[in-house]
Amino acid sequence: MSEEIKKVNDLKSMIINEINNANDLVTLKAVADKHLSKKSELNSLMSLIKQLSGDEKTAFGQAMNNARKELNELYQAKEKFLNEAMIRAKLEKEKIDITLPGIKYNVGGINPFFKIIDEMVDIFTSMGYQVKEGPDVETDYFNFERMNIPSNHPAREMQDSFYIDNNTLLRTHTSPAQAHAMDEADAKPLKIICPGKCYRRDDDDATHSHQFGQIEGLVIGKGINLGNLKATLELFLRKMFGEKREVRFRSSYFPFTEPSVEVDISCMECQGKGCSICKGTGYIEILGAGMVHPNVLKMSGYDPEVYSGFAFGVGIERVAMLRYGIDDIRKIYQGDVRFVEQFKRK
């Protein structure tokens with residue numbers, strides 16, 4: 001064996017050893033870049049061929065070719081092995097044990113108070129109403145004066161409740177939001193609903209609470225009459241309760257509407273026969289409504305000779321009780337998970 005061929009075999013043995021000792025693809029790639037590239041030490045040995053005779057050149061060329069072939073095959077085999085090992089390790093790490101029990105996701109419930117608000121807002125916005133909200137803390141002027149309830153008016157007796165100071169209180173209805181909206185409208189046609197919470201000094205019993213939800217509606221325009229109000233409320237009640245529930249309109253009095261009506265719906269508990277929920281009447285009041293009083297229009301900058309309108313107020317809890325057969329209004333506020341779970345999202 002010539003000295004030149006011995007150099008080829010020694011270098012080949014060293015490279016084989018480095019390939020075998022490479023335990024990751026990065027190290028293996030570094031070995032290939034060093035020993036198997038065009039500018040590698042192995043290829044540089046080809047310059048020795050000039051010093052050899054004819055037969056020696058042939059033997060040397062065969063030794064070089066065999067070394068390149070063997071090293072390339074070993075490199076490819078080691079590369080394949082390391083790739084497969086990496087994939088196996090990744091699969092092992094990300095393996096899912098299908099025999100383990102699955103993760104159970106509990107679907108939460110939503111309080112019927114908010115379900116009813118969302119549904120009523122959807123109904124009225126589909127009828128062209130805009131949503132206007134107002135602050136829970138109001139001035140005496142917007143809560144009473146603008147609703148045609150002066151300081152000496154007897155209607156204040158049931159609503160003089162939670163005062164912060166002599167001129168500021170927690171609103172007793174969402175009507176102040178309507179007054180603000182009328183000011184912003186600058187005596188132009190208006191069609192709004194005002195959802196929110198209200199506060200009154202009420203008996204804490206099965207049908208009343210010191211805090212309650214209300215959605216009030218207001219429509220102002222030219223030629224608005226009581227027939228428009230009746231048609232609106234009947235459409236709303238039809239969408240909320242279906243055709244089977246009995247509805248009745250009866251005349252009433254509110255200082256901010258004239259004429260005024262109250263709307264009752266047959267009791268969900270006794271189906272109109274009379275029980276403790278409806279206090280033996282067979283009906284539960286859910287709506288107060290009427291034509292906007294001329295004084296309210298004037299205070300808001302509207303000419304009652306040109307503009308007319310109607311307004312209504314819907315008790316959110318009352319509607320929820322009728323829709324879902326809730327026998328005690330206090331359940332809506334108590335936060336009992338067992339109660340809320342009955343209203344899970346579908």
Side-chain angles (χ1 to χ4, degrees), residues 112-113 115-117 119-121 123-124 127 129 147 155 157-159 172-175 178 193-198 200 202-219 225-293 309-332:
F113 180 87
K115 289 174 69 74
I116 291 299
I117 289 178
E119 186 167 347
M120 288 201 290
V121 168
I123 291 173
F124 284 115
M127 295 163 63
Y129 286 75
M147 293 301 109
E157 183 177 353
M158 64 172 291
Q159 295 192 32
T172 59
H173 44 190
T174 57
S175 300
Q178 295 181 345
I193 54 170
C194 304
K197 295 179 181 178
C198 308
R200 291 187 190 178
D202 245 327
D203 295 329
D204 189 20
D205 59 25
T207 59
H208 294 85
S209 172
H210 64 279
Q211 173 186 300
F212 60 97
Q214 189 178 57
I215 289 184
E216 293 195 23
L218 173 68
V219 176
N225 56 50
L226 195 61
N228 301 134
L229 170 62
K230 186 173 184 293
T232 298
L233 297 182
E234 286 179 345
L235 177 59
F236 161 67
L237 294 171
R238 189 178 300 119
K239 286 181 177 291
M240 286 299 297
F241 302 105
E243 300 291 340
K244 294 183 179 180
R245 191 75 68 182
E246 293 184 25
V247 179
R248 70 179 184 185
F249 292 79
R250 51 190 172 85
S251 61
S252 185
Y253 167 79
F254 301 109
F256 34 81
T257 55
E258 187 182 78
S260 304
V261 296
E262 289 197 31
V263 182
D264 303 333
I265 198 164
S266 56
C267 178
M268 77 292 172
E269 187 70 18
C270 64
Q271 304 301 319
K273 296 178 181 178
C275 65
S276 60
I277 301 298
C278 61
K279 298 178 180 178
T281 65
Y283 286 86
I284 293 178
E285 173 193 340
I286 60 168
L287 278 173
M291 301 302 295
V292 180
H293 197 287
F310 64 77
F312 56 87
V314 187
I316 295 170
E317 293 87 349
R318 293 293 179 87
V319 175
M321 293 177 73
L322 288 168
R323 279 292 300 274
Y324 301 117
I326 301 170
D327 59 358
D328 192 329
I329 194 173
R330 291 168 293 193
K331 291 180 179 179
I332 297 175

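For the ring pair (Phe, Tyr, Trp, His ring centres under 6.0 Å) test, no residue two or more places apart in sequence or in another chain qualifies with Phe241. Every residue two or more places apart in sequence or in another chain that forms a side chain to side chain donor-acceptor pair (under 3.5 Å) with Glu246 is listed here: Tyr283. In this structure, Thr232 has no side chain to side chain donor-acceptor pair (under 3.5 Å) partners at least two apart in sequence or on a different chain.
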* Asked: Leu226 and Phe310: side-chain contact (heavy atoms from CB on, under 4.5 Å), yes or no, with the steps?
  -> CA-CA 7 Å; Leu226 195 61; Phe310 64 77; over 6 Å; no
* Asked: Stepwise, does the side-chain contact (heavy atoms from CB on, under 4.5 Å) test hold for Met291 with Thr257?
  -> CA-CA 5 Å; Met291 301 302 295; Thr257 55; 5.7 Å; no
* Please lay out, stage by stage, how Ile332 and Ile316 fare under the test side-chain contact (heavy atoms from CB on, under 4.5 Å). => CA-CA 11 Å; Ile332 297 175; Ile316 295 170; over 6 Å; no
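Atom CG in Leu322 sits 5.5 Å away from atom CD1 in Ile265 (nearest 0.5 Å). Note that CZ of Arg323 is 5.0 Å distant from CD1 of Ile116, once rounded to the nearest 0.5 Å. A distance of 4.0 Å separates CG in Asp264 from CZ in Arg250, rounded to the nearest 0.5 Å. We find the CD1-NZ distance between Ile326 and Lys331 to be 8.0 Å, quoted to the nearest 0.5 Å.
Here the options are Met240, Met127, Lys230, the test is side-chain contact (heavy atoms from CB on, under 4.5 Å), and the partner is Leu235; only Met127 passes.
Using modelled atom types, no side-chain atom of Gln214 and backbone atom of His173 make a donor-acceptor pair closer than 3.5 Å. Gln178 contributes a side-chain N or O that, together with a main-chain N or O of Gly217, makes up a donor-acceptor pair within less than 3.5 Å.
Minimum heavy-atom separation, Thr174 to Cys194: OG1-O, 3.2 Å. Looking at every heavy atom in both residues, Phe212 comes nearest to Thr172 through CZ-O, 3.8 Å. Nearest heavy-atom pair across Glu262 and Ser252 is OE2-OG, 2.8 Å. Here the closest non-hydrogen pair linking Pro195 and Ile193 is CD-O, 3.6 Å. Minimum heavy-atom separation, Ala311 to Leu218: CB-CD1, 4.2 Å. Across every non-hydrogen atom of Met120 and Ile215, the tightest pair is CE-CD1, 3.6 Å.
Salt bridge absent: Glu119 and Lys115 never bring a charged side-chain N and a carboxylate O closer than 4.0 Å.
A 4.5 Å side-chain heavy-atom check between Val219 and Asn228 finds every atom pair outside the cut-off. Residues Val247 and Glu234 have side chains not in contact (no heavy-atom distance under 4.5 Å, counting atoms from C-beta outward).
Taking the six-membered ring for Trp, Tyr129 and Phe236 have ring centres at least 6.0 Å apart.
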